[in-house]
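Okay, structure first, notes after.
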Amino acid sequence: MNDRLDTLLTGWAKRSEAGPERMSVLRSRILEKVHVGGESKATIVPAVAALIPFRAKLRYAAIGAAVTAAVAIILSVREDRFQHPARGDEEGPRLALSESRAATGRRLFQELERLFPDRLRWVAESDGKVGLGVDGIPPGGARESPPVILRLVLTSREPGRAGWRAEWMTDVLVRGEDRIEVPLTPAPGSTLALWVYPLPDGAIAADTALSLHSPVRISTDVSTVMVQGTPVELAFVRAGNREYRVLQMARAL
Amino acid sequence: MDGRSDENLVDGFRESGDLRCLDELVCRHVERVRAMIYPMVLNNADADELTQEVFLRAVTGLAGFRGKSRFSTWLHRIAINTTLSFLRRKGRSPVESRENPPDSPDTAPGPGVSAETREMDAAASRALGSLSPALRSAIALTAIQGMSVKEAAAATGCLAATMYWRVHQARKILRNQLAEYF
C-alpha cells in the first residue's frame, strides 16, 4: 500500500465533498422524490390490467388481443422446436436453461417490448401461462441494460434418493438493474422479488427473494453471481416425507 | 426515532408507511452515498443525479430488503452498481473531469487551503479522470472508501484477482501522474 497516495486521495475526496448548501438542496430533492417514489416507480403488477391506470385501459384493451396473438404465436413456435420442461421432469438437461431457450426468450421479449415501448418491466412464463408486468407511467430515461432470462425450478425427492424431479418452474425475462416483483402461480401470495445485473465478465449477479406458499413453504433471500446456464441452489428444505430444493440459473438474452 | 437502527426504520416504513422513517434513512446516508459516488464520476451534477437515483431505487426495493445484510451495505451496493452502470453507458474512454470552476461556491476551498493544495487537488482530479471507469472505481472503493480488495470485488461483482490487478494498475498510473506531490 502507498500511504502517501492514500493520504493524497482521501484528502482530495474530503475537500471535494459537496458543501452544506448543495447537500441541503440535494437532501430536499431526494426527500421530495422518495415521498412519491413508490408511486412513480411501478412496483409489481400481476397482470397488464392491474398495472395500467384506468384512463389507459381503453387504449390497451385494443391491443390486448394483439398481445395475446403475439404471445400465442411465439409460444407455439417455441413448442414446435423445444420441449418445454414439465412437472415431474428430472433434473438435468430437461430442466437446463439452454442457449436456444434464451434465444426464444429474446424474441419474445423483443416482440413484447415493441408492443409496450419503454413500458415492459417483465415477462414470466410458468405452467404454460405468460404474465406481463407493464408500467402505467413510462419510466424516465431509456433502459439500456441488457435483458436476462432467469429460471427458478422447485424440485423434490424422497430423502436420500437420487433423482430430483420438478414440482414447479418459472422463467422470468427482465432487463438488468430493474428490480421487479412477480406474483407466482403455485399459490396466492407467492412472490418473487428479483434484481439481476449482467456483469462485464459475462457472469450474472442476481438478488433473489422468493416466497413460495405451495407445494411447500419456502422463503429465501439470496445474492448470487452465476455463470450463465449453471444452476445454483437457493434453498433446501425438508417437509413431510420429501426434500425440496430451489435451483436458479440465468442467461443473458 | 433518531436512536432507531436503520433496520428498525425500514420495518417502521414497511409496516406503517411512516414517511418519517424514510426521511431519517435518507438524512443518515445521503452524504456517505454521494461521497462514494463523486470520486467515480468526478462531476457534481452527475453525482447529485446518481445519488437521487440510488435512493429512489432503494425505496422501490425496500420491500425486498430482508435484513440479511446491513441496510448500509445494501444501500452502498445499490450506489456502486448504479454508478458503474452509469459509467458503462458513458463509454469506456477516460472521462474528462467536468468539475466546477475552482471559484464555484460549493467547491471553493475553505479557509486555510493553500494554493499548493488546490493545485494538488486539481492534479488529482485530472489524474483520476484519466483512469478508465473500472480503474477509477477500484481506487475509489479501496483507497478512498477504505474497502478491502475482496470487499470491493464483491461489491462490483468481479473476481478478487481482477480487483487486485485494477487497484495495482490504478495506483501505478496515479503515482506516476502525482509523483511531484509525494
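Because the structure is a prediction, the values reported are computed rather than measured. Letters A, B, ... are given to chains in the order of the sequence lines, protein chains preceding strands, and every chain is numbered from 1.
- For the residue pair B/Tyr181 and B/Glu119, a side-chain donor N or O sits within less than 3.5 Å of a side-chain acceptor on the partner.
- In this structure, A/Glu32 does not pair ionically with A/Arg27, as no charged nitrogen and carboxylate oxygen lie closer than 4.0 Å.
- For chain A, the option among B/Asp23, B/Leu22, B/Val26 with the highest count of heavy-atom pairs below 4.5 Å is B/Asp23.
- Partner of A/Trp168 under the side-chain hydrogen bond (donor to acceptor under 3.5 Å, both in side chains) criterion, chosen from A/Ser190, A/Ser126, A/Ser214, A/Ser156: A/Ser126.
- The candidate with the highest count of non-hydrogen atom pairs below 4.5 Å against chain A, out of B/Leu84, B/Ile144, B/Thr162, B/Thr117, is B/Ile144.
- Heavy atoms of B/Ile139 lying under 4.5 Å from chain A belong exclusively to its side chain.
- Residue contact with chain B, scored on non-hydrogen atoms closer than 4.5 Å, involves the backbone and the side chain of A/Leu9 alike.
- Taking chain A as the reference chain and counting heavy-atom pairs below 4.5 Å, the highest number among B/Ala35, B/Ala154, B/Cys27 is found for B/Cys27.
- Salt bridge B/Glu53/B/Arg57: present, at least one basic N to carboxylate O contact under 4.0 Å.
- Side chain to side chain, A/Gln248 and A/Thr208 meet the donor-acceptor criterion of an N or O pair below 3.5 Å.
- When the candidates A/Val25, A/Thr10, A/Val222, A/Leu8 are compared by the number of heavy-atom contacts under 4.5 Å with chain B, A/Leu8 comes out ahead.
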